[in-house]
Chemist: 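Questions regarding the structure given below will be posed in turn.
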Amino acid sequence: MAVSGIGCAAAQAAARALIDAGVSGLMTFGMAGGLDPALESGSVVLPCELIAADGARITASRSWRERVAAAVSPLRAVSEGALLTSRRAIDSPADKAAAFRATGAVAVDMESAAVADIAAHHGLPFIAVRVIVDTAADKLPRAVVNASRAGRVRIGHLIAGLVLAPGEVAALIRLTQRYRVATRSLRLIAAHLT
């Protein structure tokens with residue numbers, strides 16, 4: 001297992017390290033933003049297909065994904081819709097709706113397609129297991145987006161952003177509540193995959 005941080009470059013580095021360690025497959029496991037308005041915080045996405053930022057599409061391992069779906073579906077509803085990987089946070093409801101219309105993806109992250117590409121290059125199976133944090137209707141606080149640009153959340157930048165925009169505190173509290181729901185879903189899933 002490797003913890004990569006935010007973004008394609010960090011995810012690719014972690015995937016390469018895992019390949020060097022001799023893994024037989026790659027999985028991304030974490031959180032995503034909702035693009036499909038039907039998905040709530042805590043919803044599970046096991047995509048059949050990943051869409052890279054350049055529009056390339058990569059198919060996830062069907063047999064592996066189906067095994068995971070069988071283990072997870074008694075616990076939570078599972079969406080098999082496509083997962084978009086973006087180079088930047090898609091942070092507004094309008095941008096999320098546009099991405100949903102343009103790609104058909106049900107959710108967005110910033111890592112999975114990059115890892116899927118590495119897996120394909122090495123002939124390894126790949127799946128993504130993602131849980132929705134922010135829904136299609138949620139606007140991400142600008143302070144959170146700006147504090148996350150370096151591949152991890154920089155708390156000092158987050159606090160400074162909130163000092164400059166105190167009106168974002170309510171949105172941050174809502175996002176924190178959604179994060180807790182998503183974390184509970186991830187823990188539940190992890191307990192059933194080990």
Side-chain angles (χ1 to χ4, degrees), residues 1-36 39 42-90 96 99-100 102-134 148-153 182-183 185-194:
M1 181 169 79
V3 177
S4 73
I6 302 168
C8 288
Q12 287 172 332
R16 287 186 184 106
L18 289 170
I19 288 170
D20 290 345
V23 299
S24 59
L26 292 171
M27 170 196 293
T28 60
F29 185 84
M31 300 188 189
L35 299 179
D36 181 345
L39 296 179
S43 298
V44 179
V45 178
L46 291 170
C48 294
E49 180 179 57
L50 292 100
I51 306 169
D54 65 3
R57 293 180 180 254
I58 305 164
T59 303
S61 169
R62 182 178 177 180
S63 61
W64 190 8
R65 189 182 46 74
E66 287 174 351
R67 286 193 310 271
V68 171
V72 171
S73 59
L75 312 169
R76 294 272 192 261
V78 173
S79 172
E80 297 180 348
L83 176 65
L84 172 65
T85 295
S86 177
R87 291 185 184 101
R88 63 170 186 81
I90 299 180
K96 291 176 185 184
F100 184 50
T103 67
V106 299
V108 60
D109 75 359
M110 296 175 67
E111 301 83 23
S112 291
V115 176
D117 186 53
I118 298 269
H121 180 74
H122 289 276
L124 297 175
F126 171 83
I127 64 168
V129 178
R130 292 293 176 159
V131 173
I132 300 300
V133 177
D134 53 300
S148 304
R149 288 205 173 127
R152 60 184 174 80
V153 177
T183 299
S185 285
L186 281 176
R187 285 188 183 131
L188 184 63
I189 293 166
H192 284 78
L193 293 182
T194 55

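Fair warning: this is a prediction, and the values are worked out from it, not measured in the lab. The residues of the chain are indexed from 1 along the displayed sequence.
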Chemist: Are any of the side-chain heavy atoms of L84 and I90 separated by less than 4.5 Å?
Modeler: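 When only atoms from C-beta onward are counted, I90 and L84 do touch, with a gap below 4.5 Å.
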Chemist: Once side-chain hydrogen bond (donor to acceptor under 3.5 Å, both in side chains) is applied, what residue pairs with a partner in residues 24-33 remain, sequence neighbours excluded?
Modeler: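 Pairs touching residues 24-33 that pass the test: T28-S112.
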Chemist: Considering non-hydrogen atoms only, spot the tightest contact between A119 and L26 and give its length.
Modeler: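 It is CB-CD1, 3.9 Å.
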Chemist: Quick one: does V68's side chain get under 4.5 Å of V78's, heavy atoms only?
Modeler: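 In short, these two side chains do not touch, never coming nearer than 4.5 Å.
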Chemist: If every non-hydrogen atom of A107 is compared with every non-hydrogen atom of I132, which pair is closest and at what distance?
Modeler: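 Closest pair (atom of A107, atom of I132, distance): CB-CD1, 3.7 Å.
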Chemist: How long is the gap from CG on L83 to CD on E111, to the nearest 0.5 Å?
Modeler: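 One gets 9.5 Å once the value is rounded to the nearest 0.5 Å.
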Chemist: Do V129 and M27 have side chains that get closer than 4.5 Å, going by heavy atoms?
Modeler: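 A side-chain contact under 4.5 Å exists here.
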Chemist: Sub-3.5 Å donor-acceptor pair from the side chain of T85 to the main-chain atoms of A113, do we have one?
Modeler: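 Judged by distance alone, yes, a pair lies under 3.5 Å.
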Chemist: Considering all heavy atoms of both residues, which atom of A105 and which atom of F100 are nearest to each other, and what is their separation?
Modeler: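 What the structure gives for the nearest pair is O-CD1, 3.0 Å.
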Chemist: So which atom in V115 and which in A15 form the shortest heavy-atom distance, rounded to 0.1 Å?
Modeler: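 So the two residues come closest at CG1-CB, 4.1 Å.
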Chemist: Using the side-chain contact (heavy atoms from CB on, under 4.5 Å) criterion, which residues pair with S79? Sequence neighbours excluded.
Modeler: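 With neighbours one apart ignored, the set is L39, V45, V106.
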Chemist: Taking salt bridge (Lys or Arg N to Asp or Glu O under 4.0 Å) as the definition, give me every residue that meets it alongside R62, ordered by chain and number, with sequence neighbours left out.
Modeler: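 If we apply the salt bridge (Lys or Arg N to Asp or Glu O under 4.0 Å) test to R62, skipping adjacent residues, the hits are E66.
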Chemist: Which pairs with one or both residues in residues 117-127 pass side-chain hydrogen bond (donor to acceptor under 3.5 Å, both in side chains), sequence neighbours excluded?
Modeler: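 Counting only pairs at least two positions apart or across chains, no side-chain hydrogen bond (donor to acceptor under 3.5 Å, both in side chains) contact touches residues 117-127.
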Chemist: Does R130 reach the main-chain N or O of M31 with its side chain, forming a donor-acceptor pair under 3.5 Å?
Modeler: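 Present.
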Chemist: Does the side chain of F126 reach to within under 4.5 Å of the side chain of S61, using non-hydrogen atoms?
Modeler: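 No. Closest side-chain heavy atoms not under 4.5 Å.
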Chemist: Above 12 or not: heavy atoms from other molecules or residues under 6.0 Å from CZ of R87?
Modeler: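 It does not: R87 CZ has 12 such atoms or fewer within range.
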Chemist: Could you list the donor-acceptor pairs under 3.5 angstrom formed between side-chain atoms of residues 46-59 and any protein atom two or more places apart in sequence or on another chain?
Modeler:
residue	atom	partner	partner atom	Å
E49	OE1	R57	NH1	2.8
D54	OD1	A56	N	2.9
R57	NH2	T103	O	3.3

